[in-house]
Amino acid sequence: MTAFASYPDEHAFQCADVRRRRSTEVDFGATWRASGANDAWKLTWLVDTGELYLCRTDGHAGSCSDVRVLAVLSEPDLDALLAGWRDHRAEEDGLGWVLGRLAWIAA
């Protein structure tokens with residue numbers, strides 16, 4: 001999984017840019033998985049920065065590790081990118097669907 005930037009956890013991610021702490025979040029669920037893996041990932045978009053990021057859910061009161069910024073998008077681009085996301089978030093390779101969409105937009 002490639003990323004614009006990576007952080008060890010959400011605390012480090014938020015400390016790197018104060019806007020992240022104050023931003024409204026658009027949550028796309030914490031049930032995203034890669035094929036053959038057991039880790040669950042949370043997909044979120046931050047309104048103030050436009051960052052779409054993933055973080056591995058730790059199961060401890062919503063904490064996350066391994067934060068990866070996937071893209072910086074406007075809201076219209078986000079809507080186009082993730083159209084139909086609810087149909088894919090619980091699939092065995094839902095993350096593959098997200099990453100495939102990102103590759104499609106980058107092309």
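Values in this document were obtained by computation on a predicted structure and should not be read as measured data. The chain is numbered in sequence order, starting from 1.
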Pairwise distance [atom1]([X]) to [atom2]([Y]) - rounded to 0.5 angstrom:
{"X": "Leu82", "Y": "Leu52", "atom1": "CG", "atom2": "CG", "result": "6.0 Å"}
{"X": "Tyr53", "Y": "Cys64", "atom1": "OH", "atom2": "SG", "result": "6.5 Å"}
{"X": "Glu25", "Y": "Asp48", "atom1": "CD", "atom2": "CG", "result": "10.5 Å"}
{"X": "Leu70", "Y": "Leu99", "atom1": "CG", "atom2": "CG", "result": "6.5 Å"}
{"X": "Cys15", "Y": "Arg21", "atom1": "SG", "atom2": "CZ", "result": "4.5 Å"}
{"X": "Asn38", "Y": "Arg33", "atom1": "CG", "atom2": "CZ", "result": "6.5 Å"}

Between Ser65 and Asp9, a side-chain donor and acceptor under 3.5 Å: no
Contact summary for [X] and [Y], nearest pair of heavy atoms:
{"X": "Val72", "Y": "Thr49", "value": "CG1-O, 3.6 Å"}
{"X": "Ala40", "Y": "Ala30", "value": "CB-O, 3.6 Å"}
{"X": "Ala16", "Y": "Tyr7", "value": "CB-CE2, 3.6 Å"}
{"X": "Asp66", "Y": "Arg68", "value": "OD2-NH2, 2.7 Å"}

Pairs involving residues 72-94, ordered by first then second residue, that meet ring-ring contact (aromatic ring centres under 6.0 Å, His included) (sequence neighbours left out): Phe28-Trp85, His88-Trp97
Taking side chain as C-beta onward, heavy atoms only, is [X] less than 4.5 Å from [Y]?
{"X": "Leu95", "Y": "Leu54", "answer": "yes"}
{"X": "Trp45", "Y": "Glu75", "answer": "yes"}
{"X": "Leu46", "Y": "Phe13", "answer": "yes"}

Under the 3.5 angstrom rule, does the side chain of [X] hit a backbone N or O of [Y] as a donor-acceptor pair?
{"X": "Ser35", "Y": "Asp93", "answer": "no"}
{"X": "Thr44", "Y": "Val26", "answer": "no"}
{"X": "Arg101", "Y": "Leu81", "answer": "yes"}

Arg20/Glu10 ion pair, N-O < 4.0 Å: no
Partner set under side-chain contact (heavy atoms from CB on, under 4.5 Å) for Asp39, not counting sequence neighbours: Trp41, Arg56
